> 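Here it is, the structure in full.
Being a predicted model, the structure only gives us computed values, none of them experimental.
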Amino acid sequence: MDANKRQRYEKISIELTKLVGGKENIQGVAHCATRLRIVLKDNDLADLKAIEDVDLAKGVFVAGDQVQIIFGAGLVNDVYEVFAEHNNMKNMSLSDLKTVANKKMNPLQRIIKALSDVFVDIMPGILAAALLTGLSGVLGNFDIVKENDTLYGINRLINISSGAIFGFLPLAVAYSACKRFGGRPILGIVIGCIMLSNSLADAYAAAQGTVDVTTLHIFGLGVELVGFQGGIIVALLMGFVTAKLDIFFEKKVPEVIRLLVSPLLTTLVGALLLFTIIGPAGRGLSSGITNALVWMTQNLGVFGYAVFSGLQQLVVITGLHHIFGAIEAQLLADTGRNFINPLMSVAIIAQGGAVLAYLVRHRKNVKVRELCIPSFISVLFGITEPALFGINLRYRFPIIGGCIGGAFGGVVVYLTNLAALGFGTTVVPGIALADPAGNGYMNYVIAHGVAIAGGFLMTLILGKFMDQVTDEASADKAVSTAQTTESETTVSKTTESETTESETESAEISAVQTMPVPQEEPFFSHAKGQLIPMEQVKDETFANKILGDGVAVIPETGNVYAPTDGTILSVFDTKHAVCFASSCGTEILIHIGVDTVNLQGKFFETHVKDGDRVRKGQLLISFDKAQIEKAGYDTTIPMIFTDLADDRRLEPSAPGSVHSDTVAAIVYKI
């Protein structure tokens with residue numbers, strides 16, 4: 001690094017240190033391919049607006065309890081080196097930084113984050129089940145569906161499909177939890193299969209007393225052979241325990257017999273703990289929550305109603321909400337009216353209000369829109385798992401806002417003496433069950449209107465205090481989108497010495513230019529596979545083109561090639577990305593996968609080094625696609641044009657299969 005550059009980066013470091021609250025407020029610093037990541041003791045001390053204007057910074061946002069400043073590929077390495085040295089925090093990896101960030105969380109925050117991580121992977125399945133359940137419920141209300149054999153058959157299959165997904169949800173949770181806590185996911189699946197084995201009595205049938213339950217006696221303990229249908233808490237606990245057992249036995253069992261003995265011991269000990277300790281404890285905890293809520297509605301008047309509807313959705317997290325069906329059936333048998341159904345219904349719609357509020361706060365985030373909209377639709381049909389696990393619980397403050405909104409709705413249910421004449425459906429389809437006495441239908445609508453408005457408003461209010469600055473997508477407010485070249489940035493910010501440096505950098509770029517600039521510069525496929533637009537990459541920074549426009553390939557193989565003749569500017573230490581300049585001086589970043597920097601170079605092999613001249617089609621990096629995907633990472637490969645000047649525009653090829661075809665062209669305006 002020459003003296004002029006270092007002097008510039010030192011000025012940036014001094015300014016950044018001041019703007020994040022000083023050295024004493026910095027707990028850790030690291031970087032990925034494009035962003036400087038800083039963990040602070042108190043994020044409120046950081047002046048994010050001022051950081052946006054720091055020299056060379058292209059944007060700033062807070063994510064994962066880290067202040068992340070976008071500098072761009074290659075540049076971030078140099079800025080990090082000087083900034084870390086200035087703050088005495090060099091040689092910190094991203095995993096180290098995440099450890100520091102996690103230590104900032106209190107125990108409750110860590111538990112909630114772990115819950116969120118567990119459900120992120122299985123969210124597509126939960127969402128599919130929710131929407132299928134809602135669709136089946138709506139179709140089942142039409143006489144034409146009931147009377148037509150084909151339509152009835154299709155609706156029946158839809159119902160079976162949704163029920164099967166929810167029926168095996170504990171297995172999915174055990175799998176995801178085991179993976180989240182460092183165990184081999186297949187062992188989580190094995191434990192999940194044991195929990196739902198057809199050799200055990202069905203949990204719901206056992207609760208209703210319609211099936212005989214066998215009891216074993218192990219070490220003097222009575223072990224009932226009852227399945228764990230709906231046992232989400234038990235599945236979470238077992239996923240955690242299985243992961244820790246797997247890690248323990250993998251370390252302790254001699255290598256010569258490890259392959260056979262380690263999984264055997266993990267499964268055996270896990271199964272014993274499931275039936276003797278963890279299963280009964282988890283069931284007891286869940287049942288205690290459920291029984292306490294029912295007792296409050298029967299004994300504490302309006303307060304009991306408000307608490308029940310405010311906390312009922314927390315029972316859904318445990319999976320024990322299905323037990324309410326038996327309680328509702330008993331209520332109908334005893335009194336002919338079911339007050340629990342509308343309480344559950346307002347609790348559900350309030351969580352939908354919280355989802356809408358989160359969507360409003362993060363409306364520019366493509367991923368948030370994709371998750372919130374279908375989640376809210378499923379709420380309308382009485383299914384909240386996608387909303388709870390995908391958004392509200394994950395981001396903490398929406399679940400609180402939704403619970404408060406549910407409590408408001410519960411008060412209306414009590415004051416209007418609202419009840420249902422059946423059970424099994426809620427929210428939009430549930431209006432058909434409302435007791436029409438005393439303007440019941442109107443009261444149903446009012447109660448739900450109050451609940452959704454309460455959830456929406458309370459989440460907006462809480463978000464003002466608890467929602468950390470915005471999402472990554474809203475960082476585009478602060479981004480001067482792909483500022484063309486460092487020299488242009490320098491001229492705009494000004495001092496004579498900086499201008500001199502920009503001339504030096506321009507000279508460096510011009511040294512790469514060994515051929516005349518054509519009217520059009522073609523770039524060929526950097527990988528074999530399926531070409532997709534940048535907007536479809538599952539990362540906000542890429543999808544929102546914060547680093548620049550480009551294209552991406554979903555790869556068929558684990559090879560990345562040079563898209564044209566040029567020079568390697570930088571190969572990242574983690575081997576997952578490379579900066580490249582074409583012979584005409586166009587700079588690009590090729591980034592293998594999403595968040596693959598966390599692999600720290602594992603499964604990657606580089607075939608070029610900094611400064612190498614390469615030809616079109618030359619192999620740059622190879623990677624083990626199967627192992628990276630097995631580790632849970634998306635292997636989509638974006639190719640970003642990071643320095644397009646005003647006299648250039650990008651014309652991507654149409655999406656589709658690519659091998660060596662032209663995938664993008666830089667057209668030079670005349």
> Quick check against the 3.5 Å criterion: does D612 have a side-chain atom that pairs as donor or acceptor with the backbone of K609?
yes

> K23: what forms a side chain to side chain contact (heavy atoms under 4.5 Å, CB included) with it, not counting sequence neighbours?
T17, H86, N87

> Could you go step by step and tell me if Y175 and I189 meet the side-chain contact (heavy atoms from CB on, under 4.5 Å) rule?
CA-CA 5 Å; Y175 150 79; I189 293 176; 3.7 Å; yes

> Is it true that a side-chain atom of Q313 and a backbone atom of G310 form a donor plus acceptor pair closer than 3.5 Å?
no

> Grab the two heavy atoms, one from F542 and one from I640, that are nearest each other, plus how far apart they are.
CE2-CD1, 3.7 Å

> On a heavy-atom basis, which atom in P638 and which in A552 lie closest, and how many Å separate them?
CA-CB, 3.8 Å

> Can you give me the closest heavy-atom contact between G463 and F397, atom names plus distance?
CA-CE1, 3.6 Å

> Using modelled atom types only, decide if a donor and an acceptor are shared between the side chain of N25 and the backbone of V20 within a distance under 3.5 Å.
yes

> Distance-only, no hydrogens or angles: does the R363 side chain make a donor-acceptor pair with backbone N or O of V360 under 3.5 Å?
yes

> For the atom pair NE2 (H526) and CG (N559), what is the distance rounded to the nearest 0.5 Å?
12.5 Å

> Checking side-chain contact (heavy atoms from CB on, under 4.5 Å) for the pair T606/V578: CA distance, chi angles, key distance, verdict?
CA-CA 9 Å; T606 57; V578 59; over 6 Å; no

> Would you call I391 and C372 a side-chain contact if the rule is heavy atoms closer than 4.5 Å?
yes

> Are any of the side-chain nitrogens in K11 or D55 under 4.0 Å away from the carboxylate oxygens of its partner?
no

> Say you draw a straight line from NZ of K602 to OG1 of T574; how long is it, rounded to the nearest 0.5 Å?
15.0 Å

> Should L36 and L16 be marked as a side-chain contact (heavy atoms from CB on, under 4.5 Å) after you check the CA-CA gap, both sets of side-chain angles, and the distance that decides it?
CA-CA 11 Å; L36 182 68; L16 269 182; 3.9 Å; yes

> Where is the tightest heavy-atom contact between L48 and V67, given as atom of each residue plus distance?
CD2-CG1, 4.2 Å

> Is E15 paired with K18 through a side-chain N to carboxylate O contact shorter than 4.0 Å?
no

> Considering non-hydrogen atoms only, spot the tightest contact between V571 and V608 and give its length.
CG2-O, 3.9 Å

> Would M458 and I400 count as a side-chain contact (heavy atoms from CB on, under 4.5 Å) if you check the C-alpha gap in whole Å, the side-chain angles of each, and the deciding distance to 0.1 Å?
CA-CA 8 Å; M458 291 307 303; I400 300 172; over 6 Å; no

> If you measure from OH on Y80 to CD1 on I38, what distance do you get to the nearest 0.5 Å?
11.0 Å

> Is F572 close to N77 at the side-chain level, that is, under 4.5 Å between some pair of heavy atoms?
yes

> Between CZ of F376 and CG of L356, what distance do you get to the nearest 0.5 Å?
4.5 Å

> From L245 CG over to L187 CG, what is the distance, rounded to the nearest 0.5 angstrom?
9.5 Å

> Give me the ring orientation class for H591 and H576: parallel if the planes are under 30° apart, tilted from 30 to 60°, perpendicular past 60°.
perpendicular

> Using the salt bridge (charged side-chain N to carboxylate O under 4.0 Å, His left out) criterion, which residues pair with E250? Sequence neighbours excluded.
R184

> Grab the two heavy atoms, one from V234 and one from G282, that are nearest each other, plus how far apart they are.
CG2-CA, 3.8 Å

> If you round to the nearest 0.5 Å, how far is CD1 of I69 from CD of E52?
10.5 Å

> Heavy-atom distance under 4.5 Å between the side chains of D246 and C178, does that happen here?
no

> Could you tell me which residues satisfy ring-ring contact (aromatic ring centres under 6.0 Å, His included) with F240, sequence neighbours excluded, listed by chain and number?
F181

> Any side-chain to backbone donor/acceptor pair from T242 onto G239? Under 3.5 Å, distance only.
no

> Quick one, V82 and I12 - any side-chain contact, counting heavy atoms below 4.5 Å?
no

> Any side-chain heavy atom of L314 within less than 4.5 Å of one from I399?
yes

> Taking C-beta and beyond as the side chain, do K464 and R361 meet within less than 4.5 Å on heavy atoms?
yes

> Please tell me if the side chains of T596 and F603 come closer than 4.5 Å, counting only heavy atoms from C-beta onward.
no

> Going by heavy atoms in the side chains, are I26 and L40 under 4.5 Å from each other?
yes

